[in-house]
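Right, one structure below, let's go through it.
Positions are given from 1, in the same order as the sequence printed here. Excluded from the calculations below are hydrogen atoms, water molecules and symmetry mates; all remaining heavy atoms, backbone and side chain alike, are included.
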Amino acid sequence: MTRPVPGSPAIELPAELVARFAADLARLWPGDARLGLAVSGGPDSLALLLLAHAAAPGRIAAATVDHGLRPANAEEAAMVADLCATLDVPHATLAVTLPSGNVQAEARAARYAALAEWMTASSTAGLATAHHADDQAETLVLRLNRGSGVAGLAGVRERGMVPQTSLALIRPLLGWRRRELAQVVEAADLTPADDPSNRDDRFDRARIRKVLADADWLDVPALAASASHLADADAALDWAAAQEWQEGVTRAPMGLVYRPQAPRAIALRVLARIVTELDGEAPRGSAVARLFDSLVARQPASIGDLVARPLPEGWSFSKAPQRRS
């Protein structure tokens, strides 16, 4: 049985999929507030658009971020705009300019900043993205292969905040597989945007995606569940680190003193917070680990522009003295 998509009699979706999504969405986004959708034009985000429109007609708006990284980006944004016009969904194309550096990280930061600005201007209360179970599993395997700690292994959560804002961010598709979302797009007889980088073996994620697709013995939903459990553990460590900070960190004339009592995983987070507060920049995890090991061995160490010294009762942290020219 199929259900027509409101506003577009030509598009019909399987009724059971619409009902399933409606239940997922209602759990994360109750009420009538307008929800924004991040829609790139790829199969996952197109499925999100179609399902959200069928489940919550009149309550959604969509935005497409044009990073300008590929010539096709503008065409893909125009395709999404045309589809939204057909569905009678408000749509905006958000052009961003990326600074030099880590392209993926810069693109993510620019994307969320543009979406947050759009949400504020359009009175959109929350944002939904199309992250799904396969994304969770791929990220977990990718970061396991890099030796990441709990923070790196933690999967994204169903509920959160748009980075650097207090705007709600939800991910209603975390229980869905990539192939299920592709079926939604196929049922609508749409051709999604194709990003060649998803198949480019120069990228670790593309290689891992191929491996997971060919490994029938791997349980992708179980991997995604593990990522979710690690996200819970990450939140617990953050809570414990906040307690450790309250009880063990004090102000000193030249900086901060830390009297560690917690296990290493928690102490590392406290050290990272100390460095961020005094130095102004978040340090790399490997640098914090080296700092911890030096202090445990009762050796002075430096990180960024800070000097750390062991004391009889703990560790002190202060700005390194500036050299005279």
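Using a 4.5 Å heavy-atom cutoff, the side chains of L295 and Y258 are not in contact. The shortest distance between side-chain heavy atoms of R34 and S122 falls below 4.5 Å. Put simply, the side chain of W29 does not reach to within 4.5 Å of the side chain of I60, judged on heavy atoms. With contacts defined as side-chain heavy-atom distances shorter than 4.5 Å, the pair T129/I170 does not qualify. Under the 4.5 Å side-chain criterion, counting only non-hydrogen atoms from C-beta, L153 is not in contact with D234. No side-chain heavy atom of V307 sits under 4.5 Å from any side-chain heavy atom of P300. At least one side-chain heavy atom of R177 sits less than 4.5 Å from a side-chain heavy atom of P221. Using a 4.5 Å cut-off on side-chain heavy atoms (C-beta onward), K210 and R205 make no contact.
Of the inter-residue distances, the one linking D305 atom CG with K319 atom NZ reads 4.5 Å to the nearest 0.5 angstrom. To the nearest 0.5 Å, atom CG of residue D189 and atom CD of residue E12 are 11.5 Å apart. Here the CG atom belonging to L268 is positioned 9.0 Å from the CG atom belonging to L291, to the nearest 0.5 angstrom. From S294, atom OG reaches atom CZ of R309 across 13.5 Å, with rounding to the nearest 0.5 Å. The CG atom of D66 sits 12.0 Å away from atom CZ of R111, with the distance rounded to the nearest 0.5 Å. Here the CG atom belonging to L142 is positioned 9.5 Å from the CZ atom belonging to R207, to the nearest 0.5 angstrom.
Considering every non-hydrogen atom in both A54 and L13, the closest pair reads CB-CD1, 4.2 Å. Shortest non-hydrogen contact noted between A62 and L49 is CB-CD1, 4.5 Å.
Atom CZ of R259 sits in a crowded spot, with more than 12 heavy atoms from other residues, nucleotides or ligands closer than 6.0 Å. Atom CD of E281 has 12 or fewer heavy atoms from other residues, nucleotides or ligands within 6.0 Å. Within 6.0 Å of CZ in R298 there are more than 12 heavy atoms belonging to other residues, nucleotides or ligands. Surrounding CD of E117 are at most 12 heavy atoms belonging to other residues, nucleotides or ligands under 6.0 Å away. The environment of CD in Q261 is sparse: at most 12 heavy-atom neighbours from other residues, nucleotides or ligands sit within 6.0 Å.
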Next on the checklist: Please determine whether salt bridge (charged side-chain N to carboxylate O under 4.0 Å, His left out) holds for the pair D293 and R264, giving the CA-CA distance in whole Å, both sets of side-chain angles, and the decisive distance to 0.1 Å.
Outcome noted: CA-CA 10 Å; D293 292 340; R264 183 177 191 271; 3.7 Å; yes
Next on the checklist: Let's go through V270 and V249 carefully: what are the C-alpha distance in whole Å and the side-chain angles of both, what is the deciding distance for side-chain contact (heavy atoms from CB on, under 4.5 Å) to 0.1 Å, and is it a yes or a no?
Outcome noted: CA-CA 9 Å; V270 174; V249 177; 3.8 Å; yes
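Residues L230 and L212 fall within the same hydrophobic cluster, defined by Ile, Leu, Val, Met, Phe, Trp and Tyr side chains chained together at heavy-atom separations under 4.5 Å. Criterion: ILVMFWY side-chain heavy atoms under 4.5 Å apart, direct or through other members. Under it, V211 and V141 are not part of a common hydrophobic cluster. Linking Ile, Leu, Val, Met, Phe, Trp and Tyr residues whenever their side-chain heavy atoms come within less than 4.5 Å leaves L306 and V257 in two separate clusters. I266 and W239 are assigned to two separate hydrophobic clusters, defined by single-linkage of ILVMFWY side chains at heavy-atom distances under 4.5 Å. Using a 4.5 Å cut-off between side-chain heavy atoms of Ile, Leu, Val, Met, Phe, Trp and Tyr, with links allowed through other members, V156 and L181 fall into different hydrophobic clusters.
A side-chain donor-acceptor contact under 3.5 Å links D135 to the backbone of H132. Between the side chain of S228 and the main chain of A224, no donor-acceptor pair closer than 3.5 Å is present.
With no hydrogens or angles considered, a side-chain donor-acceptor pair links W176 and D24 at under 3.5 Å.
Electrostatic pairing of D134 and R179 does not count as a salt bridge here, judged by no charged N lying under 4.0 Å from a carboxylate O.
For the pairing with L115, the side chain to side chain contact (heavy atoms under 4.5 Å, CB included) check across T120, V162, V65, T64 returns one residue only, V65. For the pairing with E158, the side-chain hydrogen bond (donor to acceptor under 3.5 Å, both in side chains) check across R27, H131, R171 returns one residue only, R27.
For the pair R269 and W245, the cation-pi test (distance below 6.0 Å, angle within 45°) is failed.
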